[in-house]
Q: 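Structure below; questions to follow.
In this text the structure is predicted, and so the values were computed from the model without any measurement. All chains are named by letter (A, B, ...) in the order of the sequence lines, taking the proteins before the strands, and each is independently numbered beginning at 1.
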There are 2 protein chains.
Amino acid sequence: MRFVSAEQVAQLAGVSRSAVSRTFTEGASVAPATREKVLKAAEELGYHVNDLARGVLANQSRLVGVVATKPEIGFRAHLTAALTKALIRRGSIPVLINTGETEEELLAAQKMLIGHRAEATVILSGSPPASFFELAQRNGQPLVVIGRAEPDADRVLAGNAEASREAAEVFVAAGHRRLAVIGSHSATPSIAERENAFVAAAHAAGFDVRIAHGRDSDYDSGIIAARTLFAEGQRPDAIFCANDLLAFGAMDVIRQEFGLTIPEDVALIGFDDVPEAAWLSYSLTTFRQDPAAIAARAVMLLDRRQQNPDEPRACERVIPQLVFRKSFAGS
Amino acid sequence: MRFVSAEQVAQLAGVSRSAVSRTFTEGASVAPATREKVLKAAEELGYHVNDLARGVLANQSRLVGVVATKPEIGFRAHLTAALTKALIRRGSIPVLINTGETEEELLAAQKMLIGHRAEATVILSGSPPASFFELAQRNGQPLVVIGRAEPDADRVLAGNAEASREAAEVFVAAGHRRLAVIGSHSATPSIAERENAFVAAAHAAGFDVRIAHGRDSDYDSGIIAARTLFAEGQRPDAIFCANDLLAFGAMDVIRQEFGLTIPEDVALIGFDDVPEAAWLSYSLTTFRQDPAAIAARAVMLLDRRQQNPDEPRACERVIPQLVFRKSFAGS
DNA sequence: CTGTTTGCTGCACAGCCGTGCAGACCGCGT
DNA sequence: ACGCGGTCTGCACGGCTGTGCAGCAAACAG
């Protein structure tokens with residue numbers, strides 16, 4: 001008998017099981033005296049309401065899935081942490097679905113969530129297959145997507161386009177003419193959007209942009225991309241990096257392999273403002289994204305969807321703020 | 001009617017509900033023909049077994065709590081990710097309890113886990129109060145603690161003492177005499193153990209050690225600690241840092257504020273081998289801890305505990321490996 | 001003192017599922 | 001043809017809870 005049941009508490013308190021149930025149910029009608037007796041008996045026996053049985057009745061649990069690939073890397077780590085913290089504060093139970101690369105694993109995890117009657121799922125990254133959305137839809141599973149324009153779900157978007165345009169503008173205003181951008185081959189929607197918006201804005205201003213890609217969007221990719229930019233062709237004097245990690249890799253190559261100085265020879269702007277951007281070695285000018293703010297929006301969308309399940313899909317926007325440091329001082 | 005029940009599947013398939021149940025129960029006896037019919041009907045209706053109800057029967061769910069403060073920082077981010085991945089692969093449901101600093105929040109989260117009849121809890125960091133262990137004990141909640149010598153739980157320990165001793169030995173063998181160590185005021189057990197073991201080993205070899213502390217065990221603390229080491233007193237020529245983040249902060253201060261070179265003027269060894277340690281700017285010699293290996297041990301302990309609940313507490317050790325990079329080349 | 005309202009309480013049911021048990025059915029050997 | 005063993009199947013129960021409903025006592029008004 002590992003767990004105490006309400007029946008046993010009732011017996012010890014000398015009341016019916018209903019009284020116990022009502023004591024632990026918000027807004028139920030119990031006399032203060034019985035309530036007291038029940039609480040005392042529960043304390044003595046170490047009783048905890050069985051949320052599973054509760055969930056069976058309500059046909060819903062308080063689990064919220066958080067889907068992320070590589071949740072330990074860069075900005076995503078901060079977003080994951082902020083989101084789980086916000087969910088806990090809300091009284092939900094954050095389930096971190098750290099899916100490997102395989103689609104199969106993701107679907108298995110989703111089935112687990114549905115099997116546990118999860119309340120909702122938040123998607124931080126990756127590009128789930130269509131079947132994922134279909135399955136969620138079919139089981140009335142609310143979805144919140146962060147950083148991706150998915151029309152079938154509530155979403156929180158960063159102002160990627162606006163920020164990237166601003167990057168191009170401040171580069172041009174500061175007199176830079178040989179522009180470049182570092183993106184990624186396996187571009188997530190956010191990364192691709194930043195790259196494209198920067199290029200478009202530069203073209204609109206009448207300047208060409210060299211484009212470099214690494215395999216991914218991490219430090220090593222930044223290294224590879226920077227090598228291709230500086231090893232051949234006209235060397236850029238200003239580089240916009242689709243995220244901070246790419247920028248760090250590029251900076252290290254620019255300084256150590258090509259002996260150039262930042263920002264005198266090359267200026268850089270990154271994206272995300274992870275804590276490393278403030279480290280003395282980098283001091284990277286970058287667009288700040290506040291993970292707590294994004295998480296708060298996501299939770300808000302969850303609340304709203306729960307109250308009005310049939311409301312049309314909503315979209316929240318969080319606008320990144322350019323933080324000036326030494327890698328680009330502005331004009 | 002948001003979810004399909006087994007009853008409906010049974011009706012469509014023309015069998016009893018028991019047959020449906022047995023189809024989805026491992027090792028139950030069903031005729032291949034009925035099984036087929038049931039699966040087809042389930043597919044058509046989009047049926048998923050209600051894991052909540054299943055859990056009520058078994059009095060256990062497949063939730064596993066993962067308790068961590070600041071799971072986005074440094075090595076802990078990698079450990080969290082590795083652990084959640086391993087748990088998912090095992091068929092468990094990782095619940096990330098990202099507790100703020102308050103003890104109250106932690107206990108609330110623990111009660112949620114117990115309420116959901118979680119299978120076990122893994123503790124990555126922080127120092128839960130005694131009431132935490134007591135509550136877990138009382139509810140038969142298996143506990144795995146990582147990186148902390150908690151006698152009331154199964155545990156996975158890194159070889160902090162062995163590695164730190166090795167650090168002292170290789171420094172001495174390479175001819176360094178002015179040793180220092182950077183630890184932390186708010187020392188987690190691991191950090192404190194590394195510091196103490198290094199000091200003890202140095203003393204044993206006949207050398208004194210300067211000790212510096214920041215407030216925490218992050219980059220900023222490394223900066224502060226390095227400033228106190230180099231601003232006054234005899235400057236060290238070899239520093240052991242209790243983790244990589246501290247080392248990065250120290251390196252940046254040593255180079256940029258004091259104009260010294262690494263490793264010529266000062267050699268450094270870190271701990272953890274987070275990816276940043278391999279970045280060109282740092283190239284930090286450090287002790288590698290494999291998050292996947294630690295996670296695997298933790299999961300193994302979980303499995304073992306589940307099979308033999310009354311076995312004595314076990315302790316697994318993972319030995320860190322010294323990885324040489326440029327910050328200290330060895331002798 | 002009596003009638004009525006109010007506030008609690010207990011009963012019983014519903015919500016899903018796994019499983020022991022008995023019975024049905026089928027194949028097979030004699 | 002008959003008995004027997006084995007494989008499935010359905011019934012019914014048990015696991016723990018929330019809640020509608022009816023009843024009961026107390027409080028209160030007249």
Side-chain angles (χ1 to χ4, degrees), chain A residues 1-39 41-42 45-63 111-118 139-140, chain B residues 1-39 41-42 45-63 111-118 139-140:
Chain A
M1 205 69 69
R2 237 180 67 189
F3 289 100
V4 182
S5 81
E7 184 63 46
Q8 300 173 41
V9 177
Q11 212 153 351
L12 179 61
V15 297
S16 81
R17 196 183 53 71
S18 308
V20 178
S21 175
R22 283 191 247 267
T23 298
F24 291 101
T25 303
E26 199 85 12
S29 155
V30 207
T34 30
R35 180 191 195 76
E36 207 58 37
K37 277 194 294 187
V38 169
L39 285 178
L45 294 177
Y47 171 72
H48 295 272
V49 177
N50 188 334
D51 280 316
L52 295 175
R54 201 177 243 180
V56 172
L57 266 304
N59 211 357
Q60 172 159 332
S61 70
R62 274 148 59 197
L63 267 53
K111 280 182 185 163
M112 284 205 318
L113 287 176
I114 292 177
H116 277 79
R117 301 298 185 254
N139 290 281
Chain B
M1 203 72 68
R2 237 180 68 190
F3 288 100
V4 182
S5 81
E7 184 62 46
Q8 301 173 42
V9 177
Q11 213 154 351
L12 179 61
V15 298
S16 81
R17 197 183 54 71
S18 309
V20 178
S21 175
R22 283 191 245 265
T23 299
F24 291 101
T25 303
E26 199 85 13
S29 153
V30 206
T34 30
R35 180 192 195 77
E36 207 59 37
K37 278 193 293 183
V38 169
L39 285 178
L45 295 177
Y47 171 72
H48 296 272
V49 178
N50 188 334
D51 281 317
L52 295 175
R54 202 175 243 184
V56 172
L57 270 284
N59 211 357
Q60 171 158 333
S61 69
R62 273 148 61 196
L63 266 53
K111 280 182 186 164
M112 285 204 318
L113 287 175
I114 292 177
H116 277 80
R117 301 298 186 255
N139 291 281

Q: Round to the nearest Å and state the distance from Asp51(B) atom CG to dG15(D) atom P.
A: 21 Å

Q: Roughly, in whole Å, what's the span from CG in Leu52(A) to P in dG18(C)?
A: 14 Å

Q: So does Ser21(B) reach the base of dC16(C) with its side chain, donor to acceptor, closer than 3.5 Å?
A: no

Q: Quick check for you: to the nearest 0.5 Å, what is the distance between Leu52(B) atom CG and His116(B) atom NE2?
A: 7.0 Å

Q: How many Å lie between CD1 on Ile114(A) and C1' on dC16(C), as a whole number?
A: 17 Å

Q: Would you say that Arg62(A) contacts Met112(B) through its side chain, given a criterion of any heavy-atom pair below 4.5 Å between the two side chains?
A: yes

Q: Roughly what angle, to 10°, lies between the helix axis at the start of the helix from dC1(C)-dG30(D) to dT30(C)-dA1(D) and the one at its end, five pairs per end?
A: 40°

Q: What parts of residues 25-37 of chain A reach DNA chain D, counting only heavy atoms under 4.0 Å away?
A: Thr25(A)

Q: Calculate the interatomic distance between Gln60(B) atom CD and dC16(D) atom P; express it in whole Å.
A: 14 Å

Q: Atom NE2 in His48(B), atom CD1 in Ile114(A): separation rounded to 0.5 Å?
A: 4.5 Å

Q: Of the nucleotides dT9(D), dC16(C), dG10(C), which has the atom closest to the Arg22(B) side chain?
A: dT9(D)

Q: State which of dT17(D), dA12(D), dG10(D) makes the closest approach to the side chain of Arg17(B).
A: dA12(D)

Q: Between NZ of Lys111(B) and CG of Asn139(B), what distance do you get to the nearest 0.5 Å?
A: 10.5 Å

Q: Hey, does Lys37(A) have a side-chain heavy atom less than 4.5 Å from the side chain of Thr34(A)?
A: yes

Q: Quick check: do Arg54(B) and Thr25(B) have side-chain heavy atoms less than 4.5 Å from each other?
A: yes

Q: How would you label the contact of Tyr47(A) with the nucleic acid (heavy atoms, under 4.0 Å): base, sugar-phosphate, or nothing?
A: sugar-phosphate

Q: Nearest to the side chain of Val49(B), which nucleotide is it out of dC17(C), dC16(D), dG10(C)?
A: dC17(C)

Q: Between Phe24(B) and Tyr47(B), is the ring centroid distance below 6.0 Å?
A: yes

Q: With the side chain counted from C-beta on, respond yes when Asn59(B) and Asn50(A) share a heavy-atom pair under 4.5 Å apart, and no when they do not.
A: yes

Q: What's the CD-P distance between Glu7(B) and dA14(C), to the nearest Å?
A: 13 Å

Q: Atom CG of Asn50(A) to atom P of dC17(C): distance rounded to whole Å?
A: 16 Å

Q: With the side chain counted from C-beta on, respond yes when Leu63(A) and Arg117(A) share a heavy-atom pair under 4.5 Å apart, and no when they do not.
A: no

Q: Kindly say whether, by distance alone, the side chain of Ser18(A) makes a donor-acceptor pair under 3.5 Å with the base of dC11(C)?
A: yes

Q: What's the closest nucleotide to the side chain of Leu57(A) if the choices are dC11(C), dG10(D), dA14(C)?
A: dA14(C)

Q: Find the distance Phe24(A):CZ to dT19(D):C1' and express it as a whole number of Å.
A: 17 Å

Q: If you define the side chain from C-beta out and look only at heavy atoms, does anything of Arg22(B) sit under 4.5 Å from Ser18(B)?
A: yes

Q: Would one find a side-chain N or O of Arg54(B) under 4.0 angstrom from OP1 or OP2 of dC17(C)?
A: no

